[in-house]
Every structure is written in C-alpha cells, then in structure tokens.
**Student:** 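I have a structure I would like to understand better, so I am pasting it below and will then ask my questions one at a time.
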Amino acid sequence: MSTHAQMPGMENRPEQRHAAFPFLDLKAQFASIRGEIQAAVNKVLESQNFILGPEVRDFETEVARFVGSEFAIGCASGSDALLLALMSLGIGPGDEVITTPFTFGATAGSIARLQAKPVFVDIDPSSYNIAPGLIPAAITAKTRAIMPVHLFGLMADMDAIVKTAEAAHLAIVEDAAQAIGAGWNGHAAGTLGAVGCFSFFPSKNLGGAGDGGIVTTNDAALADHLRTLRVHGSRNKYSYESVGMNSRLDALQAAILRVKLRYLPAWTAARQRNANRYRAMFIENGLETYIQFPADNVHQNHVYNQFVIRLPERDAVRRHLQQAGIPTEIYYPFPLHLETAFAHLGYSKGDFPQAEAACREVLALPIFAELTEDQQASVVAAIADFYGHKITC
Ligand SMILES: *Cc1c(COP(=O)(O)O)cnc(C)c1O
C-alpha cells in the first residue's frame, strides 16, 4: 500500500501473510443481528433518554435473572464494577485483598486504586486460577477480602475459597469479567461472593458497543449502597451521603446488551462446541502429547471466553502460526507482581513460579462462536505442521 511505503520503519519489514480470519470476528456476530441492534439503538435515540432509565433497569433485571442473583447494578466498565464492589465493602487504605497475579491489570488495579494492598497468591497450573490451598498462608490481620478471577471463563475453586473466606470472616469479590454464565457445582459465577463483577468490553462473551459493566449481589444493603456509589454517592439530587463516582451503564449500551443477552446461551454453546472440536482434532492428530488443553472438569460449566493451550515452545509455535496466517493472542505475557505499576508491593521474580511459567507458555486460539470447522482445521493443521505431523482432519 502506498501509505505504508511512506511510514518510517515499514520499508524493511519481512513479508507477513495477512491473517486469513480474525482472532475474534465481531463483524460476523453483528451481521447476524444487525436489524435488532439498529432498532434497539433507534428506540433509545428517539426517546433521548440516555442516562439510566427503563433500558438500564430492564437490563439489570434480565442480568440478575440470567446470573441467578437478587440484584444487578449497571456501571461504566468491568474495572469500575471491581472498584465499586470494593468501595461498597468499605475497603480502603491499609486493607489487604488477596488475588492472583495471572490476570488482567484491572483486577489488582482496582485494589491499588483504593490505596489498599493487593496480596498475590500463585495459581494452579492446570486451571490458571488462584490456588486455593495457598490462600490461608497469605491471610493477615489486615486481610479484608479475597478476589478470585474466573479466568478465561472457568470458575476458580469456589468450594475451597468460600470455606476459607467463611473461616476467616473475609468477603469474596468475584472478578467474573470473563465468566458470564459459567458454573461451579450448580452455582453460577457472580452468585457465590458478596459481589460479582462483570464486564461488557467488546471481546467478552457478552460484549457491548463500547465499555460497560455490572455488579451482582444477593445483599439488599450492598445493592442499595452500590446504586448510590455509581451516582456520586447521592440518593437525592445534590445531597451526598458518601464519596462515590460517576459510573453508569449508558442506556444505549443497555439496549444493545439486552438484544445480545438473548443470544448469549446459543453463543456460549457454540464456543463450547468449538472447544470440544479443537480437543477432538488435536487428539486425532496425535498432538495431545505436546499440548496442555484447558482444564475441563465435569462439575464446571466452562464458557470459553478464551481457549488457551499450553506448550513449552509457545513463542516458536506462535511465529509459525503467524506465518501461516493463523491469529493467536497471549493472555497474559507478564505476571502482575513483576509489573512497574505494582513494584511498590516489593515482589520479585520467582515469587510466583506457576504464574511466571504460565506467562511463558500459554497461547490463546480463536474460539468465537462463528468460527468454522474449516478455520479450526487450519489452526490445528498449522500446529501439526510445526511438530512435523501429517494432518488427518
Ligand atoms: C476485561 C476484564 C476486566 C476489566 O473489564 P473492563 O470492562 O475492560 O474494564 C477485569 N478483569 C478481568 C479478568 C477482565 O478480563
């Protein structure tokens, strides 16, 4: 392209094949529901009712019903959901919150933003979630809460975490940003802690047309507090009972998300079908000896926000796939305890060996609902090619 020729640094790049399909095809999803989305957006535009109002209220009711919680309170993002959850529990300076270093930055960021201290605990190497057996040793007199993350759509070991939290009188704040609809022994993500936090960032299983989030709770007093915290700590106009934020879910987002929520069960089933298909294809081609599959427990309902495989040759495999036009991502390349933002916590390399190893070895493959069998076969074929296997699928 002529514009590229003028961009500095582009001239000597080696030829790279364009991805044959995207890592996440949001355009395919939009094409399947275009008319309904446009009608929902138009309805809000005609009403000119943009702040809270009926769309947000109805969406909150529908999410509460979907998740199985008593209350749901919309807010501006998943990050704000975490922040509001901690604020509603009164967590602040000097308090400690136990969480995982193998997650998106907002998890520990929400704790640090309130001048509380994130206390990291290493992960389980097969689920990538916080290792519950290591939590008790991290509890101190200052610990107020545990913030497990249901990473990639697989719930953390909530039996053990709930038991530990109850014994030590700690609140649980679930970071369920990647796990809407996920289950654990018949319980849904966002119903087992004091507060559950969800994100509607476009790449989540239920993604909006921009940022959005929601908090769920079964506690009426917490729900009431959360509803005031998201509007400046105000219950009645220009009267403030606490220092809150401006963090509302836009009516436009709520209207779009209400349409998409109706499709979520079908989209989740498609992600699970794709996950099973990957497993079958890898096994058919004798690749299961090279690759660690995502944990798959019969007691869990994994909703596969990501399909993450683990392999020691991760970086070489990723380069090989890139050259074959296969898109992949790395969630996450760096553990939070070694990031500059959390340097003040005083952790060093080697403190959480499982999280550090996962950062070197995980690779996310495309798993979106509209992914075709042919596209999956091309992913598996490119990995088989790396290992010198002949492909049979
Ligand atoms: C996406 C995500 C968040 C933050 O959600 P935003 O809506 O992007 O602010 C928090 N935690 C985890 C684990 C996430 O994946």
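Atoms within each ligand, like the ligands themselves, are counted from 1 in listed order. Given the structure is predicted, the values throughout are model-derived calculations rather than measurements. Along the sequence shown, the residues carry numbers beginning at 1.
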**Student:** Under 3.5 Å, N or O to N or O, is Ser199 touching ligand 1 that way?
**Tutor:** yes
**Student:** Got more than 12 heavy atoms from elsewhere within 6.0 Å of CZ, Arg273?
**Tutor:** yes
**Student:** At a 4.0 Å threshold, what atoms of ligand 1 neighbour a non-hydrogen atom of Val149?
**Tutor:** 13 (C)
**Student:** What verdict does the salt bridge (Lys or Arg N to Asp or Glu O under 4.0 Å) test give for Glu329 and Arg314, after you've listed the backbone C-alpha separation in whole Å, the side-chain angles of each residue and the deciding distance to 0.1 Å?
**Tutor:** CA-CA 11 Å; Glu329 295 287 347; Arg314 192 267 314 274; over 6 Å; no
**Student:** Nearest protein heavy-atom contact for atom 1 (C) of ligand 1: which residue, which atom, what distance?
**Tutor:** Lys204 NZ, 1.5 Å
**Student:** So, are Arg258 and Glu62 salt-bridged, with charged N and O less than 4.0 Å apart?
**Tutor:** yes
**Student:** To which protein heavy atom is atom 3 (C) of ligand 1 closest, and what is the distance rounded to 0.1 Å?
**Tutor:** Phe104 CD2, 3.6 Å
**Student:** Only heavy atoms of Thr107, strictly under 4.0 Å: list the atoms of ligand 1 that pass.
**Tutor:** 11 (N)
**Student:** Quick one: nearest non-hydrogen protein atom to atom 10 (C) of ligand 1, plus distance?
**Tutor:** Asp175 OD2, 3.7 Å
**Student:** Salt bridge between Arg279 and Glu288, side-chain N to carboxylate O under 4.0 Å?
**Tutor:** no
**Student:** What protein heavy atom sits nearest atom 9 (O) of ligand 1, and how far off is it?
**Tutor:** Ser79 OG, 2.5 Å
**Student:** Should you measure from each heavy atom of Gln178, which atoms of ligand 1 turn up under 4.0 Å away?
**Tutor:** 13 (C), 14 (C), 15 (O)
**Student:** Would you please classify the geometry between the Phe120 ring and the Tyr347 ring as parallel, tilted or perpendicular, with 30° and 60° separating the classes?
**Tutor:** tilted
**Student:** Below 30° counts as parallel, above 60° as perpendicular, anything between as tilted: where do the rings of Tyr290 and Tyr387 land?
**Tutor:** parallel
**Student:** Go through the steps for Asp224 and Arg235 under the test salt bridge (Lys or Arg N to Asp or Glu O under 4.0 Å), then give the verdict.
**Tutor:** CA-CA 9 Å; Asp224 181 64; Arg235 188 179 307 277; 2.9 Å; yes
**Student:** I'd like to check which ligand 1 atoms, numbered from 1 as shown, lie under 4.0 Å from a non-hydrogen atom of Thr103.
**Tutor:** 13 (C)
**Student:** With nothing but distance in play, are any N or O atoms of Ala177 less than 3.5 Å from an N or O of ligand 1?
**Tutor:** no
